[in-house]
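Each chain gets a letter, A, B and so on, in the order the sequences are listed, and its residues count up from 1.
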2 protein chains.
Amino acid sequence: MPHQPERKTFIQNLRDHGQRVTPERLALFDEIFAQHRHIDAEELLTSLLAKGHRISRATVYRNLDLMVDSGLVRKVRLGQRRFHFEHIHPGQNHDHLVCSECDRVVEFVSPAISAMQREICRAHGFSPDHHQFQILGLCHDCLEKGAVPSGT
Amino acid sequence: MPHQPERKTFIQNLRDHGQRVTPERLALFDEIFAQHRHIDAEELLTSLLAKGHRISRATVYRNLDLMVDSGLVRKVRLGQRRFHFEHIHPGQNHDHLVCSECDRVVEFVSPAISAMQREICRAHGFSPDHHQFQILGLCHDCLEKGAVPSGT
DNA sequence: CGCCTATTGCGACGGATTCTCAATAGATAA
DNA sequence: TTATCTATTGAGAATCCGTCGCAATAGGCG
Ligand SMILES: [Mn+2]
Ligand SMILES: [Mn+2]
Ligand SMILES: [Zn+2]
Ligand SMILES: [Zn+2]
C-alpha cells in the first residue's frame, strides 16, 4: 500500500464530517490511488468488480464526487464525453495534452499558469477555485505516422 | 447582415468540399453570427423555430459540427453538461471565466497562452490544434452577495 | 447489544447527443 | 429545363453518461 498517508487522510476526512468508513469507499479509494493513469467511473467499477468487490455504479459515482470535494481526487474532461479521475499529487499541478488521433494523454507541469490565472482573476474581480486546461492536437507518434494536423 | 464576408466564406467552404448550400445551413449560420453570446444547440433550435424556420434538432447538431470543422465556430464546454457555441472572431482569441454560483461567463483575452501553448507543445513534440481553458470560480457579484469560495 | 441514520444497490429516470432510414431536394450535365 | 445522382433532411428511436428514489443494509455510538 504505497498510499498509506493519503488513505489515513481520507479516513480522517470522513470521520471529521460524520461520514462513515465503508468497505466500498476504501476499495474505491485504493483503486484510484493504485492506478497511475486517468480512469473513468465505468473502468473503476469494472476493475473493482473484477477484483471481487461488491459495489454498484451509483456508489462509484457518489463517492468519486465525495473524493473530489475532499480534495484528494481531480475530475477532468479529457475527451468530449465522460469525465476521468486521477488522484492528486500535492504540490505538483499539471495539465494535459490530448492527442485527438490516438487519445494518448501527456501531462505537463505549468508553473506559469497559476500566476496567469491569479492575474486574470484579479483584473476581473473573480475568485478562482480551479481551472480546466487541455491542449488538443496530435502527439509525436501520430504525426510521424502521417496523421493530418487539424481540419481534414 | 453584418457578417456577409463570413457568410461567403462559409458558402465557399461548402462548395469546395462538394457539400450543399441548404436553407437550413444558412439559417443556422445566420443565427449563430447574429448572436453575440454563448449559445447551445437547444437554444439555437428554439430560436430558429420561433423565427419560422423549419429545421430539426439533428440538423442543428450535424451542422454545428460542420461549422466547427470548417473553423468558423468554436465549441466550448462552459458548464458541466452541454456544449456552447460561439462564432470565431479571427485574430482575437479569448478564454472564459465561469462563475459556479450564477453561471455568468466572462471572456478574457490571453496573449500569453498562445506562446505558452506553443512552447509546451514544442517541448513534447505535440502539434497543437486548439485548446480549452476555463477558470471556474466566483464572480465579483456573487462574492459580494456572500457566496463561499470553494468546498462547502 | 441496540438504536439511529448514513450509505448502499437496484432499477428507473434524465438530459444531451447521435443514429437510422426513408423522403426530399441541391447540383450537375445534357 | 429536365433527368439523374446522391447529399441532406426530419422524425423518432437509441445511446451514452450519469443521477435519483427508495427500501434494505450496516457503520458508529452509547
Ligand atoms: Mn493528469
Ligand atoms: Mn467566448
Ligand atoms: Zn496520438
Ligand atoms: Zn456569479
**Q.** B/Val109 side chain near B/Asn93 side chain, heavy-atom distance below 4.5 Å
**A.** no

Q) Can a salt bridge be assigned to the pair A/Lys145 and A/Glu101 using a cut-off of 4.0 Å between side-chain N and carboxylate O? A) no

Are any of [X]'s side-chain N or O atoms less than 4.0 Å away from OP1 or OP2 of [N]?
| X | N | result |
| --- | --- | --- |
| A/Asn63 | C/dT7 | no |
| A/Ser56 | C/dC10 | no |
| B/Thr22 | D/dT9 | yes |
| B/Tyr61 | C/dT18 | no |

Could you check how far [atom1] of [X] sits from [atom2] of [N], rounded to whole Å?
| X | N | atom1 | atom2 | value |
| --- | --- | --- | --- | --- |
| A/Asp65 | D/dG18 | CG | P | 10 Å |
| A/Leu26 | D/dA26 | CG | P | 16 Å |
| B/Ile11 | C/dG26 | CD1 | P | 13 Å |
| A/His84 | D/dC16 | NE2 | C1' | 14 Å |
| B/Arg82 | C/dG15 | CZ | P | 10 Å |
| A/Leu45 | D/dG18 | CG | P | 12 Å |
| B/Asp16 | D/dA7 | CG | P | 17 Å |
| A/Gln80 | C/dT17 | CD | P | 10 Å |

Q.
Return whichever of B/Leu66 or A/Arg81 has its heavy-atom-nearest nucleotide of DNA chain D closer to the 5' end.
A. B/Leu66

(Q) From C-beta outward on A/Phe83, which listed nucleotide comes closest to its side chain: C/dT8, D/dG18, D/dG10? (A) D/dG18

Q: Could you please name the option among C/dG9, D/dG27, D/dA11 that lies closest to any side-chain atom of A/Thr59?
A: C/dG9

Q) So, is the end of the A/Lys75 side chain (NZ or CZ) under 6.0 Å from the ring centre of A/Phe83 and within 45° of the ring's axis? A) yes

Q | Full working for salt bridge (charged side-chain N to carboxylate O under 4.0 Å, His left out) between A/Lys51 and A/Glu31 | A | CA-CA 10 Å; A/Lys51 289 179 180 172; A/Glu31 190 61 31; 2.7 Å; yes

Q) Do A/Arg20 and C/dT5 share a donor-acceptor pair, side chain to base, under 3.5 Å? A) yes

Q) C/dT7 base to A/Arg25 side chain: any donor-acceptor pair below 3.5 Å? A) no

Q | Terminal axes of the helix from C/dC1-D/dG30 to C/dA30-D/dT1 (five pairs each): angle between them, nearest 10 degrees | A | 40°

Q: Let me know, please, whether B/Glu42 or B/Val21 comes out on the 5' side of the other along DNA chain C by nearest nucleotide.
A: B/Glu42

Q) Which residue lies toward the 5' end of DNA chain C, B/Arg15 or B/Arg77, if each is placed at its nearest nucleotide? A) B/Arg77

Q: Could you check whether the rings of A/Phe108 and A/Phe133 sit parallel, tilted or perpendicular, using 30° and 60° as the cut-offs?
A: perpendicular

Q: Verify whether the ring centers belonging to A/Phe29 and A/His3 lie closer than 6.0 Å.
A: yes

(Q) Pair B/Arg82, B/Glu42 - check salt bridge (charged side-chain N to carboxylate O under 4.0 Å, His left out), show working. (A) CA-CA 10 Å; B/Arg82 48 196 144 173; B/Glu42 203 63 33; over 6 Å; no

Q.
Applying a 4.0 Å non-hydrogen cut-off, can you work out what B/Arg57 is touching in the nucleic acid: base, sugar-phosphate, or nothing?
A. base

Q) Cut-off 3.5 Å, side chains only: do B/His89 and B/His94 have a donor facing an acceptor? A) no

